[in-house]
Number of protein chains: 2
Amino acid sequence: MSKNSPRRFTKQRRLVHDAVIHRVDHPTAKDIFHELKGTGIGIATVYRQLASMVEDGILTTVDYDNETRYDPLTSPHAHLICSICNKIKDIELPKGIDNLTPEKLSFEINEIELTWKGICDDCQN
Amino acid sequence: MSKNSPRRFTKQRRLVHDAVIHRVDHPTAKDIFHELKGTGIGIATVYRQLASMVEDGILTTVDYDNETRYDPLTSPHAHLICSICNKIKDIELPKGIDNLTPEKLSFEINEIELTWKGICDDCQN
DNA sequence: AAATTTAATGATATTGGTTATCAATAACAA
DNA sequence: TTGTTATTGATAACCAATATCATTAAATTT
Ligand SMILES: [Mn+2]
Ligand SMILES: [Mn+2]
Ligand SMILES: [Zn+2]
Ligand SMILES: [Zn+2]
């Protein structure tokens, strides 16, 4: 949204970017950190870079179980969260959802968050 | 859901229950603790009692900003969250929402979570 | 290609929400 | 009343996330 600071193209920024940009499983900062273990990157830098990518609109966040997860899919979509394995799956936002938006109120809507929680097919035994 | 443990009616349980059961603003554990400041109740007990009330199905939880908030409204409903004052309002779940449920997948849905984030009328200046 | 500027890094301390520990207490049953 | 044991409260511990700060290294200027 705001690009007011001159962002330097560090090797750490590239590392975090490349580690998260293609992932579809909504990793935490620690997940990314562990993936980059061999590079010597600091945990604080991972947190900082992920936060700056959110600022830049490259990532969105998904809060689950009081932990921030990062999502490279920035277009509006819904989620399926398995309460057993905690996996988060992207799913298409239902077509008619915008028609159901409460417009009577003077609430200025910026964002919709739709999540179905349950048990994924892998965990159904 | 499960009432497998013999729950004792302590005065602390009554205090927490009475402090949260009629609230409509989705308080945190610390909010309840501060409301009960004069009673000498311990912060750990507040956390424990709130958790046990969730177990008993008396409360539900709403996670926002990596903090657990407690909700005495246990029937399915949606939320409006103001990203400025962080107030959470209950709102009716749109009628047609169940028809939009993704049933193609073999995902066993237990719960729906629908939240609109934006700016409440009070914060629009 | 230096020299300069300063954003970014990494180690680590700190914060804040939440849970674990455990001796003391009190609810409940006998 | 007595015995059992769930619950309490103080506090240590845990964990995600942020703040601090000396050092490093992009980016810009000589
Ligand atoms: Mn997603
Ligand atoms: Mn609610
Ligand atoms: Zn699963
Ligand atoms: Zn507001």
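Here the structure is a predicted model, which means the values were calculated and not measured. Proteins get letters first, then strands, A, B, ... in listed order; numbering begins at 1 in each.
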Between [X] and [N], is there a side-chain N or O to OP1/OP2 distance below 4.0 Å?
X	N	result
N66(A)	dT18(C)	yes
Q12(B)	dT25(C)	no
Y47(A)	dA17(D)	yes
T68(A)	dA17(D)	yes
K30(B)	dG16(C)	no

- Are any of the side-chain nitrogens in K30(A) or E35(A) under 4.0 Å away from the carboxylate oxygens of its partner? no
- Any Lys/Arg nitrogen of D56(B) or R7(B) sitting under 4.0 Å from an Asp/Glu carboxylate oxygen of the other? yes
- Would the number of heavy atoms belonging to other residues, nucleotides or ligands and lying under 6.0 Å from NZ of K117(B) be above 12? yes
- Message: Just verifying a value: how many Å separate I32(A) CD1 and Q49(A) CD, rounded to the nearest 0.5 Å?
- Response: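 Here the rounded value is 12.0 Å.
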Rounded to whole angstroms, how far apart are [atom1] on [X] and [atom2] on [N]?
X	N	atom1	atom2	value
L15(A)	dA8(C)	CG	C1'	14 Å
D65(A)	dA17(D)	CG	P	11 Å
F33(A)	dC15(D)	CZ	C1'	14 Å
I43(B)	dG17(C)	CD1	C1'	9 Å
I32(B)	dG17(C)	CD1	C1'	16 Å
L36(A)	dT9(C)	CG	P	12 Å
D63(A)	dG17(C)	CG	P	15 Å
R14(B)	dA26(C)	CZ	C1'	16 Å

- Closest-nucleotide ordering on DNA chain C, the 5'-leading residue of Y70(B) and T10(B):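 Mapping each residue to its closest nucleotide by heavy atoms, the 5'-most match is Y70(B).
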- Hey, which of these two, R69(B) or Q49(A), hits DNA chain C nearer its 5' end, going by closest nucleotide? Q49(A)
- Query: Less than 3.5 Å between a donor and an acceptor, one on the side chain of R8(A) and one on the base of dT6(C), is that the case here?
  - Reply: yes
- Query: Hey, which of these two, A44(B) or K11(B), hits DNA chain D nearer its 5' end, going by closest nucleotide?
  - Reply: K11(B)
- Query: Is there a chain of hydrophobic side chains (I, L, V, M, F, W, Y, each step under 4.5 Å between heavy atoms) that links F33(A) to V16(A)?
  - Reply: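 Yes, F33(A) and V16(A) fall within the same hydrophobic cluster.
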- Which nucleotide in the list dA27(D), dT7(D), dG9(D) gets nearest to the side chain of I41(B)? dG9(D)
